Amino acid sequence: MSDCIFCKIAAGEIPTDKLYEDDEIMAFWDLDPQAPKHFLVIPKSHLRDSSAVSKGDEALIGSIVRTGARLAKENGLDDYRFVVNNGASAGQTVFHFHLHVLGGRVMDWPPG
Ligand code: AMP
Ligand code: ZN
C-alpha cells in the first residue's frame, strides 16, 4: 500500500534500526519505545490487522511470533510482553499488522 509507513519500511524506503529481515518479515526497534527494549515484527506484505489474517497467513503469523520470541531472547529478555493493537480505540495507530515486543521492566496488568 503506497501510503502505509510500514510498507515503506518493508520496501527499504524509510530507514529503521533493523533487527532482522527475511523474505517475508522484518523486525526493527520502535521509534518511541514504551519499555527499555521495544521492537516490532511485521509482515512485509500489507495486512491491516488481526481480522485480516487468513488461513493462508498462518505460517506467516507463526514466523512473526517465533521470530519475536527468538529476538527477545537474543536481546536479553527472559520475560517480555507481546502486544497486537487492533483498531484505533485499542491503540492501533499504524494500520499494518505488527507485533510489539516489550521488555526490560516490570509490566502492569491490566494494560491501560
Ligand atoms: P500501534 O500504536 O500499535 O499501531 O503501534 C505503532 C508503533 O509504530 C508505535 O509504537 C510507533 O512508535 C511505531 N512507529 C511508527 N513509525 C515508526 C518508524 N518509522 N520506525 C519505528 N517505529 C515506528
Ligand atoms: Zn502496509
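Index from 1, following the sequence. As the structure lists them, so they are numbered: ligands from 1, and atoms in each ligand from 1. Just so we're clear, the structure is a prediction, and the values are computed from it rather than from any experiment.
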Numbered atoms of ligand 1 (with element) below 4.0 Å of F28, judged on heavy atoms: 21 (C), 22 (N)
Enumerated ligand 1 atoms positioned under 4.0 Å from heavy atoms of W29: 21 (C)
Where ligand 1 meets D32 - atom numbers and elements under 4.0 angstrom, heavy-atom basis: 12 (O)
Aromatic centroids of H98 and H100 separated by under 6.0 Å: yes
For atom 12 (O) of ligand 1, the option (of V94, L99, D30) bearing the nearest heavy atom: D30
Name of the H46 atom (N/O/S only) found closest to the Zn ion (ligand 2): ND1
Heteroatom of H96 nearest to the Zn ion (ligand 2) (N, O or S, atom name): ND1
Nearest heavy atoms of G68 and F82, plus distance in Å: C-CZ, 3.9 Å
Ligand 1 contact on L40 by region, counting heavy-atom pairs under 4.0 Å: side chain
Minimum-distance protein heavy atom relative to atom 19 (N) of ligand 1: I9 CD1, 3.7 Å
Option whose closest heavy atom lies nearest to atom 20 (N) of ligand 1, chosen from I14, L31, I5: L31
Which pairs would a plain distance check flag for residues 83-90, meaning a side-chain donor or acceptor within less than 3.5 Å of a matching protein atom at least two apart in sequence or in another chain?
{"unit_1": "N86", "atom_1": "OD1", "unit_2": "S50", "atom_2": "N", "d": "2.8"}
{"unit_1": "N86", "atom_1": "OD1", "unit_2": "S50", "atom_2": "OG", "d": "2.9"}
{"unit_1": "N86", "atom_1": "ND2", "unit_2": "S50", "atom_2": "OG", "d": "3.4"}
{"unit_1": "N86", "atom_1": "ND2", "unit_2": "V84", "atom_2": "O", "d": "3.2"}

Within-shell test, H100 vs ligand 1, heavy atom, strictly < 4.0 Å: yes
Residue portion contacting ligand 1 (non-hydrogen atoms closer than 4.0 Å) for H98: side chain
Exam field: side chain R105 to backbone Q34, donor-acceptor pair closer than 3.5 Å: yes
More than 12 heavy atoms of other groups within 6.0 Å of D22 CG: yes
Short N or O distance, T93 and ligand 1, threshold 3.5 Å exclusive: yes
Non-hydrogen atom of F6 closer than 4.0 Å to ligand 1: yes
Under 4.5 Å side-chain linkage, directly or through intermediates, the cluster mates of W109: none
Shortest non-hydrogen separation from H96 to K44 and the atoms involved: CE1-O, 4.0 Å
Closest protein heavy atom (residue, atom, distance) for atom 2 (O) of ligand 1: G91 O, 2.7 Å
Side chain to side chain, M26 and T16, heavy atoms closer than 4.5 Å: yes
Over 12 non-hydrogen atoms of neighbours within 6.0 angstrom of CZ in R70: yes
